[in-house]
S.K.: 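To start, I am sharing the structure in question, which I have written as structure tokens.
FYI, side chains are in, hydrogens and waters are out, and symmetry mates aren't considered; it's all heavy atoms of this structure. From a predicted model like this one, the values you see are computed outputs, not experimental measurements. Per chain, numbering begins at 1; letters A, B, ... match sequence-line order.
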Amino acid sequence: MKRITQIIPLVGLLLLAGCMDDFLDHKPPIQRTQDNFFQTKSDAEQALYAIYEVLTFHHGRQNTGFHPYDLMVNVLSDDAYGGGSGPGDQPDIVDFNEHNISVTNDKALGLWSDRYTGIYRANLLLDNIDDIRFENEQDRVVMAAEARFLRVLFYFELVKFFGNVPLFERPLVAADIRMEQTDPGLVYEFLVTELADIIPDLRDVVPPAEAGRASSWAAKSMLGRIFLYHRDYAQPVLGAGPLSVSEGEVLGHLEDVVNNSPHRLLDDFSALWGRAGNNNPEAIFSVQHGAAALSAFGDWGFLNGSFGNWASQMSGIRGILFDATYIAGWSFQPVTPNLVEAFDQDTDSRYFLSIFDPVAENVTHRPEEMHQWQGYAFKKFYPRRADLPSVNVPFNWPYNRPVVRFADVLLMAAELGSPNAQDYFDQVRRRSYGDDFVQIPATRENIMEERRLEFAGEGLRYWDLLRMGLDTAAQKINAQAIQDVPINFRTDRLGLLPIPQSEISLSDNTLVQNPGY
Amino acid sequence: MYNYKSLLLMLTAVILFGATKADAQTVRGTVVDDETGETLIGVNIMLHGTNIGTTTDINGEYSLTVPDREGTLVFRYVGFVTQRVQIDGREEINVALDPDIIYGDELIMVGYGLQQRSLVTGAISRIESRDIEQAAPLRLEQALQGRTAGVTVIQNSGQPGSPATVRIRGIGTTGDAEPLYLVDGMPVGGIDYLNPADIASIEVLKDASATAIYGARGANGVVMITTRQGSPGPIQVNYTGYVGFQNPWKETDLLNAPDYMKIMNESYANDGSTIPFPDIEDRIAAIGEGTNWQEEVFFYNAPVTDHTLRLSGGTETSTYMASMSYRQQDGIVAEGKSNFERLSFRVNSNHQRGRLDYGTRVTYTQKTTRGIDPNEEFGGIMARASNIDPVTPVFDEDGNFASSPFASQEVVNPVAFIDVINSEWNEDKFVGGVFGNFNFTDRLSLRSTLDIDLAYGSNRTFTPVYDLGGNVFNTTSSAFQQQNKWITWQTSHVLRYQDQIQNHNFSVLGGFELLDSRNEFLGGVAFNLTMESFDNAWLSVGTDEENQSNFGGMGLESLASYFTRVNYDYDNKYMLEGVLRVDGSSKFGPDDRWAVFPAFSLGWVLSREDFLRDNDVISYLKLRGGWGQNGSDNIGQFTYTPLITTHAGYGFGMTPSIITGAYPTQIANPNLRWETSEQANIGLETAFLDHRLYFNFDVYNKETKGLLLAAPIPAFIGNAPPVVNGGTVRNRGFEIESGFRQIMGDWRVSLSLTGTYNKNEVTAIDNDEGRLFGAGVSTSMDHVAMAMVGKPIAFFWGYETAGIFQTQEEVQNHVNSEGVVIQPSARPGDLIFVDHNDDGQITAEDRVKIGNPYPDFTMGFNMDLDWRNWDLNMFWYGSFGNDIFTGGTRRHDLPMPNWKEDVLDRWTEENPSTSHPRVTIRDPNGNYTRPSDFFIEDGSFVRLRNISLGYTLPPRITDLAGASRLRVYVAAQNLLTFTGYSGHDPEIGAYGPLNVGIDRNIYPQARTVTMGINLDF
């Protein structure tokens, strides 16, 4: 009897030992893991929205911050200087403007890593979307198409900035550090074939409650943009191969947008801007920045978590005492006199809406606090009192940034040799000059000049300059050099940013630096 | 014939014989145990130098016949300190022997058992309840400070309830370096619920061979606390209590109003701007010295009181100990908003029935705390008090709180802000356990335990509407509530077999343990309260439906372990021990769930060898050494799997509505495992002169591998890097523990000295930067703390200065090897920075190690002096070589904060100082914005931590009350502090693994004076 009472507990202990793995296996109680995510339509939506969110990222993986897309592109062009409060304020932006971008430039790394974050999220959703249960199969098709559209946007911006980038369609894992860069021609081919593929899948009509989601018109418009950039820059400068999509096809898509889309040219240029102008009929695809009730955001430790338009905060001028219309900011991207003089200030209605001249408008300001200030700022996304967020002001300026708008489609179609080229060109100019409209021929040079005026401050000029040829770009950009601002665009760098040195090292030197760096 | 010589001889013989016979004397008396007062039977008493001796009888009495009443009687008894007493002509000599607690055959706690001290082969330090009582600690960790070598205890602040940073043998990780705390074998999350008076002893396991039996939790050392038990006998009642008053031990030397205005005027004048106080003379006449803000926020004579009542007793088969205690302490800053209150009850019982021993340990504690942020440079009370200008009064003419026209941002009237703080934490904690030990035979036994730790915590905060100027305002009242529940249970079963074959002694144990720990939390915040006061601040009182929010969730972790230990010794002289522990944790990745930790150690008690056995000088000599591995599982609960996080970061629609996106937080690493620590230790334990003098010396080398880091992956992978095991840290050092005790008649003196030296060095960091960035200070000094290979963890990283430019020529001559002027915007009076990489500029690449927050050497010195009924105890603690980064002033981003007095020695043209740069607001050279060694001060200090003087009333008086002992005493904590540090307090703890020793205006320690009594019935 005694022996049994001794044996039983010992055996019991051994049995217990066998159940250990159950005892130690826990599922996280309040968060999903990658294993149990991607199951319902709601999961797919959330994964898709996480991709959209990356459009507002301006601060890099290291939270070092302050490189909104349009601001950085404006500063690279002949439209703006770096700015800030002084030489120590964001010198990386000043380096961009002077085309003295070092391989350790933080903003370049931030631009690179933000876009790859979007690509990762898109690849992750596309990899898993087939496992999700959809009641309506159409939802799967549309969401996959939107994810691919956004992925195209991110890759397009990457290949414009850096030229030689790794291209992949699957979500990477920690072991994938040795990815090689892809030939730019193949990247462009990928972009256009993706767009051609998804155009039939994307929606033609996006309900107003979902304004901001990609439509087929957005894809068609971007196809035009990418095609033109490939034709005028990637092919001649980078030696990219020809695309499988023809100019006629692309033009057909653009004409489709012009004739059949719900988008049109607005009569009044002012209706495009300000919070009231968000998602107006002319904007075909915009980055959303303007939600009403997001007053709680404001985390300096997680800048990419904010939703507002940082370019607005960064472009405001300094020293405004109470003003009924305008709010102060951090005085970056001060406008060059060259851009100001390009406008016909008396007749062009766009001038007053694109350029802010505080002296002319009698707004108190302090030029001595603004680095490289020439007297002018961009106005399209300028922070205004009427749109002042209730709390956490720098994080919440509610101005959407159009990625492509109807006027651009008209001008692109004109550039591509549409039979209606002159008409499209005139439409855009008629809207601007109103009664003072005088027709000029729709030559390439005139179109490029018109684009500069139409899209001032929207982050398009630099790419247009490169499309005009490296020498032209060099001449126009370097002409903006003034005392203390030694701008030196070097043609041997092909207008590209350097591949961030840290990325090259972390890829175990698989990545190769760009020419000229 | 009468022979003259023979007569002399006969006379001498008669005298001698007579002297011997006629002078035979008796000495008698009683021998008792000094601690318990009980008589001791069988005490051996010898007349020194002779073989005359006796022993005490059943009543503890003796009677010894001696030739004369001269000479020395030697009293010897096993387990007690031998005493030598001069007879000095006395007929009755009563002796009280001290239990020999320093070295001998007493049992100490080792992991899962007890072992004879002399046979222990690991490095274990022990503190007795007496030492804990004398420390009269406000927090239990303070009793460890300086009394155990190898343990560094730094108080995080002087706020009541403020935790202490306890590190055993250096910092072994860039993560959580807390040691494992066990109370009666049960792991607990924190020990502030314990009443120190309930503790019988604390053992600190320091080296791997001692801690290996705790496997995956032992890498940072183990602190084992054993609570008091009852002992057989009639009921004993014991009361101890004290009341005291606390005051700040110093005030930092800040400027008064006249000096402040003078310096401000000079700062602005140096920049060529308009001076802020052109009417300085009139102002001085109006306000005199101005406001001393420190005085305004300090709570002088803050009271503290502590009472414990303990009952214990029992029979041969059943004993119990029940205690009840109450403690209340106010803090010395922010009267009414910084205090601590604790009520606790405990019942411990032990029973024996046949072959079964069983018992319970049960305690309940209730705690209430109100607190302010103790070390915070933006909104802390001390930060505001140190930065606000002395010109502003506390109240304005209307009697409202004044706001300063010069201060900005967070620097507002601290007294006004104290008014606005309304926050309280409550905790109810129940810790209980039962154990049973069944002896199958004399040799085989099984011990099983079941313990539970259940705690409920709640926090409630009320934020009123206020506007104090700067950016300190709140427009809507709000109430915040949070509830937490923690429950942990553990069960262990250990089978033990021991045997002895001739001189071979061995014992084997094998055990199995399960632990499960969960916590649930729930909370919310509501805005726009209908009733705006702290008493009414509950979530249901809010009216803003749109903005209210709530959260809730849980966390859980489990641990399963198997372990075995084999001890062998031959003749108690040669010892060998081997340990193996296998731990499985839910926190480790599923591919790597089980961790194995081995250890072994050897020992040799030389003093039991024949050549030393009867040595008069050396009474104990042991050499021991060991090696082992253990781990740290402080790696977070689900770090191995990428969790999906949701974030509301975008919006769609014409009237936009927010949408929530979801994405994985990081790339996965299913191979995530524990951090492994490998340690080798050699120790020498010695005791001399009958154990009156002892000296222990330990040398160790500890390597910790697999520190958690973010893996070095490139950004194009597109998500946050996975957490991997990628760093190593080395700690090496030595420890000294020594003591001396002597009894000289009515005097008894006992001294002990401990010293610890530890050198910490990071040996590898495998992430993309090769370094880890730590905490910064305020808005402009980023990453003041760093971890880099070749340097200690959390060292201070900044610019090195080389004096002050005295002339403009010196500025121009400060060039690099290519002749480039390094600091072109500098002016005379600015700091000279060293351009380490010789690139002609001062940039982040020129930052170097400018200080180390951890001390090189710490020391504790304890002295007990007893004379008849008086006792005096002094305990000194010293820390040497620790640096402090003075990060409390807002000079770098605000124009007009206050200064410390050392600014009066600033550089001016008339006073070419070499220690303090010129005052300037614009500061183009970055004197006040660059983190440099100008901000580093030596924080070495020596503190008289405790001093107490007590008097035990004579028995005839206490007998009148029926008491067996009544002792009254006065004591003081932190009575004296010697330090060169100019800030509030040199003891700045760790607020994060890479946030150590940065003074952001710390809440200082208090100097406390107490009076108390110990009463036994």
S.K.: Looking at chain B, which one of A:Ser505, A:Ala174, A:Ser113 has the largest number of heavy-atom pairs inside 4.5 Å, strictly under?
M.R.: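 The answer is A:Ala174.
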S.K.: Does one side chain, of A:Arg32 or A:Gln46, offer a donor that lies under 3.5 Å from an acceptor on the other?
M.R.: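 Per modelled atom types, A:Arg32 and A:Gln46 side chains form a pair under 3.5 Å.
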S.K.: Does A:Tyr52 have any ring-ring contact (aromatic ring centres under 6.0 Å, His included) partners at least two apart in sequence or in another chain, and if so, which?
M.R.: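 Scan of A:Tyr52 (ring-ring contact (aromatic ring centres under 6.0 Å, His included), adjacent residues dropped) gives B:Tyr650, B:Phe652.
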S.K.: With chain B, which of A:Pro28, A:Ala50, A:Pro171 has the greatest number of heavy-atom pairs at distances under 4.5 Å?
M.R.: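 Among the listed options, the one with the most contacts to chain B is A:Pro28.
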S.K.: Heavy-atom cut-off 4.5 Å, strictly under: side chain, backbone, both or neither for B:Thr660 against chain A?
M.R.: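 For B:Thr660, heavy atoms of backbone and side chain both lie under 4.5 Å from chain A.
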S.K.: Test your reading of the model: is there a side-chain donor-acceptor pair from A:Asp25 to the backbone of A:Asp22, 3.5 Å cut-off?
M.R.: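 No: the side chain of A:Asp25 does not pair with the backbone of A:Asp22.
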S.K.: Of all of A:Lys27, A:Arg213, A:Arg115, which one pairs up most often with chain B through heavy atoms under 4.5 Å apart?
M.R.: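 The answer is A:Arg213.
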S.K.: How long is the span from the OG1 atom in A:Thr117 to the CZ atom in B:Phe716, to the nearest 0.5 Å?
M.R.: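 Going from OG1 on A:Thr117 over to CZ on B:Phe716, the span is 12.5 Å.
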S.K.: Select one option (side chain, backbone, both, neither) describing which atoms of B:Pro642 are under 4.5 Å from chain A's heavy atoms.
M.R.: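 The answer is both parts of B:Pro642.
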S.K.: Hey, which of A:Glu53, A:Met179, A:Glu45 has the most heavy atom pairs under 4.5 Å with chain B?
M.R.: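 Among A:Glu53, A:Met179, A:Glu45, the one with the most close pairs to chain B is A:Glu53.
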S.K.: Which answer fits B:Thr646, side chain, backbone, both or neither, if we ask what part of it has an atom under 4.5 Å from a heavy atom of chain A?
M.R.: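 The side chain, not the backbone.
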S.K.: Flag the pair A:Arg170 / A:Asn123 as yes when at least one side-chain heavy-atom distance between them is below 4.5 Å, and no otherwise.
M.R.: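 No, too far: nothing below the 4.5 Å cut-off.
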